[in-house]
Amino acid sequence: MSRLQERRKAVGMSQAKLAEAAGVNVRMLQYYEQGAKDINRAEAMTVYKLAKVLNCTVEDLLEI
């Protein structure tokens with residue numbers, strides 16, 4: 001499970017709700033969670049918006 005998925009589930013949010021709140025395409029969110037796309041290579045603003053909605057830091061979402 002990706003750090004993004006862990007964080008999303010910890011706050012009890014669906015993929016659709018997170019995508020809508022962060023202004024991110026739900027399919028792209030799914031790719032990041034499944035590891036099909038590397039969140040470490042995502043646009044900084046995308047990761048920032050996800051972190052803001054999930055009330056965490058950008059570093060909390062990166063796979064390091």
Side-chain angles (χ1 to χ4, degrees):
M1 186 180 304
S2 70
R3 295 174 87 178
L4 172 60
Q5 187 176 20
E6 287 174 0
R7 188 68 186 193
R8 177 181 60 77
K9 288 185 174 188
V11 299
M13 192 174 270
S14 70
Q15 287 179 334
K17 289 284 187 190
L18 174 56
E20 182 181 344
V24 175
N25 183 292
V26 71
R27 191 73 191 129
M28 193 58 71
L29 178 63
Q30 291 169 340
Y31 286 149
Y32 292 140
E33 286 193 0
Q34 295 167 359
K37 294 269 186 188
D38 186 357
I39 195 164
N40 295 342
R41 295 183 181 267
E43 289 187 26
M45 186 54 76
T46 299
V47 183
Y48 170 78
K49 290 191 286 186
L50 290 168
K52 187 172 180 183
V53 172
L54 293 171
N55 196 28
C56 65
T57 66
V58 168
E59 291 81 8
D60 289 336
L61 301 180
L62 297 179
E63 299 291 336
I64 43 180

Check your understanding: Is there side-chain contact between Leu18 and Leu4, with heavy atoms separated by less than 4.5 Å?
Key ->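 Sidechains of Leu4 and Leu18: in contact.
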**Study point:** Side chain to side chain, Met13 and Val53, heavy atoms closer than 4.5 Å
**Key:**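 Met13 reaches Val53 side chain to side chain.
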Exercise for review: Following the transitive rule for hydrophobic clusters with a side-chain heavy-atom cut-off under 4.5 Å over Ile, Leu, Val, Met, Phe, Trp and Tyr, establish whether Leu29 and Val11 coincide in one cluster.
Suggested key: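 The answer is yes; both residues are in one hydrophobic cluster.
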Check your understanding: Should Leu54 and Val58 be counted in the same cluster of Ile, Leu, Val, Met, Phe, Trp and Tyr side chains packed under 4.5 Å apart?
Key ->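 Per the 4.5 Å side-chain linkage, Leu54 and Val58 are co-clustered.
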Exercise for review: Quick one: closest heavy-atom pair of Ala51 and Leu61, and the distance?
Suggested key: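 Smallest heavy-atom distance, with atoms named: N-CD1, 3.6 Å.
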Review point. For Glu6, does the CD atom sit with more than 12 other heavy atoms under 6.0 Å from it, leaving out its own atoms?
Key: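 Yes, CD of Glu6 has more than 12 neighbouring heavy atoms, counting only those of other groups under 6.0 Å.
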**Study point:** Met45, CE: over 12 other non-hydrogen atoms inside 6.0 angstrom
**Key:**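 No - once you tally the heavy atoms of other residues, nucleotides and ligands closer than 6.0 Å, there are 12 at most.
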**Study point:** Arg3 side-chain N/O to Leu62 backbone N/O, donor-acceptor pair under 3.5 Å
**Key:**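 Answer holds: yes.
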Check your understanding: Do any pairs count as a side-chain hydrogen bond (donor to acceptor under 3.5 Å, both in side chains) and have a residue in residues 32-41, sequence neighbours left out, and if so which ones?
Key ->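 Passing the test, one end in residues 32-41: Arg8-Glu33, Gln15-Glu33.
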Exercise for review: Find the distance between CG (Asn25) and CZ (Arg27) and round it off to the nearest 0.5 Å.
Suggested key: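 Asn25 CG to Arg27 CZ: 9.0 Å, rounded to 0.5 Å.
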Check your understanding: From Asp60 CG over to Leu50 CG, what is the distance, rounded to the nearest 0.5 angstrom?
Key ->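 The CG atom of Asp60 sits 12.5 Å away from the CG atom of Leu50.
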